[in-house]
Number of protein chains: 2
Amino acid sequence: MIRPAGNEPEAPESAATLHDLVVGQLRNILLEGEFAAGRRIPEAELCARFGISRTPLREALKVMAAEGLVTLRPNRGAVVTPIDATAIGPIFELKGALEGLIGTLAALRANDAAMTALEEHHHALGEALSRRDQNAYTRLNYAFHQLLAQATGNPLLAQNYEALQQKIWRYRFAVNEFDERLVTSYQEHEHIMVALRARARLDLAERLQEHNRLTGEAMIRAFAEIAEHNPRSKKEKSA
Amino acid sequence: MIRPAGNEPEAPESAATLHDLVVGQLRNILLEGEFAAGRRIPEAELCARFGISRTPLREALKVMAAEGLVTLRPNRGAVVTPIDATAIGPIFELKGALEGLIGTLAALRANDAAMTALEEHHHALGEALSRRDQNAYTRLNYAFHQLLAQATGNPLLAQNYEALQQKIWRYRFAVNEFDERLVTSYQEHEHIMVALRARARLDLAERLQEHNRLTGEAMIRAFAEIAEHNPRSKKEKSA
DNA sequence: TGCCGTCATTTTGCATTCATTTTCACCAAA
DNA sequence: TTTGGTGAAAATGAATGCAAAATGACGGCA
């Protein structure tokens with residue numbers, strides 16, 4: 001879904017049916033943040049852009065709504081699901097459980113092809129870090145963890161894991177601001193690779209859960225700071 | 001979604017929009033197994049039954065397809081996703097990770113209302129067992145575990161957990177045949193309740209994971225037996 | 001100036017229509 | 001009998017049409 005680098009040609013991505021294609025493109029648009037959170041999704045504009053009528057677009061919107069990326073307001077159209085800082089905790093809490101399972105299974109089942117791809121991504125992460133390229137780092141990080149989830153050989157796990165990653169993806173802008181997290185994140189990745197190479201499943205599971213916990217806490221902290229510097233939380237407007 | 005007892009009035013269940021209503025009813029129909037796995041879903045019949053046109057029905061079908069309960073074949077209609085014994089393992093594998101988290105969190109966070117509801121369901125489970133009422137037992141079991149997931153206070157967790165429960169639900173007929181599992185299942189539930197009452201989170205997590213593992217293994221064994229007694233697996237037909 | 005009610009415009013939700021594709025009964029030929 | 005072709009009927013996928021609701025501009029009035 002998300003390319004490592006920042007160049008997305010908004011490609012069909014080999015979708016067989018029009019429905020899959022529309023869902024895929026709509027997902028890309030939402031994940032890339034083209035429409036700000038809370039903004040109303042313009043049916044007519046997207047229809048024109050995709051060259052389709054409203055029927056298939058609305059079908060795609062219902063699917064995205066079921067996933068939670070879109071919120072449907074009866075008779076009032078679809079909006080990009082608003083940013084909700086309180087949603088972050090539960091997502092990371094759940095993701096932590098999956099990370100544990102991913103660590104256990106990946107250590108047991110990752111094959112050579114998966115290991116090669118993971119090593120490559122890990123290497124690229126290091127390079128992105130040295131370039132201080134946050135955008136590349138974030139995307140490579142997404143891809144790395146997705147590869148690890150796929151290396152478990154449990155497609156259902158990989159699929160649920162990606163759904164959670166996508167939920168978080170929209171919040172990445174907050175944590176990107178604080179790039180000292182990037183350095184510690186990479187250090188955690190080094191430890192993850194050590195455990196993975198050694199096929200140390202308990203260790204790998206723990207490392208991944210810890211990595212998840214720290215990432216989540218950093219993100220929650222970042223949002224708290226944003227809220228502090230931007231105290232429009234209550235009913236004050238003029239102040 | 002699923003009522004403890006076997007009587008479903010196919011109720012609207014307080015859905016605000018027509019879309020939610022259709023999705024809910026369609027889900028009930030699929031979960032109740034009204035249409036056999038692999039059977040084609042008759043659009044026209046359901047439209048007449050719900051008193052709606054094809055547009056909202058098809059929107060609901062796309063949503064159910066995204067969840068995996070329905071499979072969409074291009075130009076060839078929707079079918080109830082066929083039974084696939086190889087899908088059971090991955091589902092229980094993933095569910096195990098969630099059970100662990102549910103145990104940890106429920107022990108910490110279950111409030112009085114949740115505890116009361118869980119005790120009641122546990123009691124009803126015992127009664128269903130003594131009546132050898134497999135149908136009631138299975139439904140109460142579903143509701144019990146769903147309550148426990150909700151008791152974690154993490155709605156996302158409860159939602160993902162229910163999605164997994166629904167995936168398994170269609171396979172219950174296989175394991176229902178072997179009701180010695182019911183007795184051991186209830187014994188496991190007794191231990192689960194002991195750990196829950198004691199708020200012993202590590203113990204509860206372990207008990208739940210073990211319960212999940214044993215249930216999954218029983219189901220896989222049941223399917224293996226079915227396959228053995230019914231060896232149409234390969235390309236033999238006359239034999 | 002600020003607030004509220006009215007009406008035209010836009011948007012939404014669903015039904016209906018239409019072009020394609022598939023299905024299947026029927027029949028001819030091997 | 002079995003295989004393969006033919007065409008009518010049915011089903012699918014998507015566009016269009018239409019009634020109901022929401023939006024927003026306008027003007028009256030305090």
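In what follows, chains carry the letters A, B, and so on, assigned in the order in which the sequence lines appear, proteins first and then strands, with residues in each chain numbered from 1.
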Should L164(B) and N160(B) be marked as a side chain to side chain contact (heavy atoms under 4.5 Å, CB included) after you check the CA-CA gap, both sets of side-chain angles, and the distance that decides it? CA-CA 6 Å; L164(B) 290 182; N160(B) 279 52; 5.9 Å; no
Over all heavy atoms of both residues, which pair between E99(B) and L208(B) is shortest? Give the atoms and the distance, please. O-CD1, 3.7 Å
Of all the heavy-atom pairs spanning A128(A) and L140(A), show the shortest one and how long it is. CB-CD1, 4.1 Å
Work out how much the helix from dT1(C)-dA30(D) to dA30(C)-dT1(D) bends between its end axes, five pairs an end, to the nearest 10 degrees. 10°
Going by an N to O cut-off under 4.0 Å, is there a salt bridge joining R221(A) and E225(A)? no
Quickly work out the F50(B) CZ to dC14(C) C1' distance and round it to whole Å. 16 Å
Among L21(B), V22(B), V23(B), the one residue meeting side chain to side chain contact (heavy atoms under 4.5 Å, CB included) with Q25(B): L21(B)
Relative to each other, are the rings of F173(B) and F223(B) parallel, tilted or perpendicular (30° and 60° limits)? perpendicular
Side-chain donor-acceptor contacts of residues 57-65 of chain B below 3.5 Å, not counting sequence neighbours, with atom names and distances?
{"unit_1": "R58(B)", "atom_1": "NH1", "unit_2": "E43(B)", "atom_2": "OE2", "d": "2.9"}

What I'd like to find out is whether the side chain of R27(A) reaches to under 4.5 Å of the side chain of Q166(A), using heavy atoms alone. yes
Contact string for nucleotides 12-21 of chain D, one letter per nucleotide 5' to 3', B = base within protein heavy-atom range under 4.0 Å, S = sugar-phosphate only, - = neither, reads BBBBBB---S
In whole angstroms, the gap separating P of dT10(C) from CD of E45(A) amounts to 16 Å
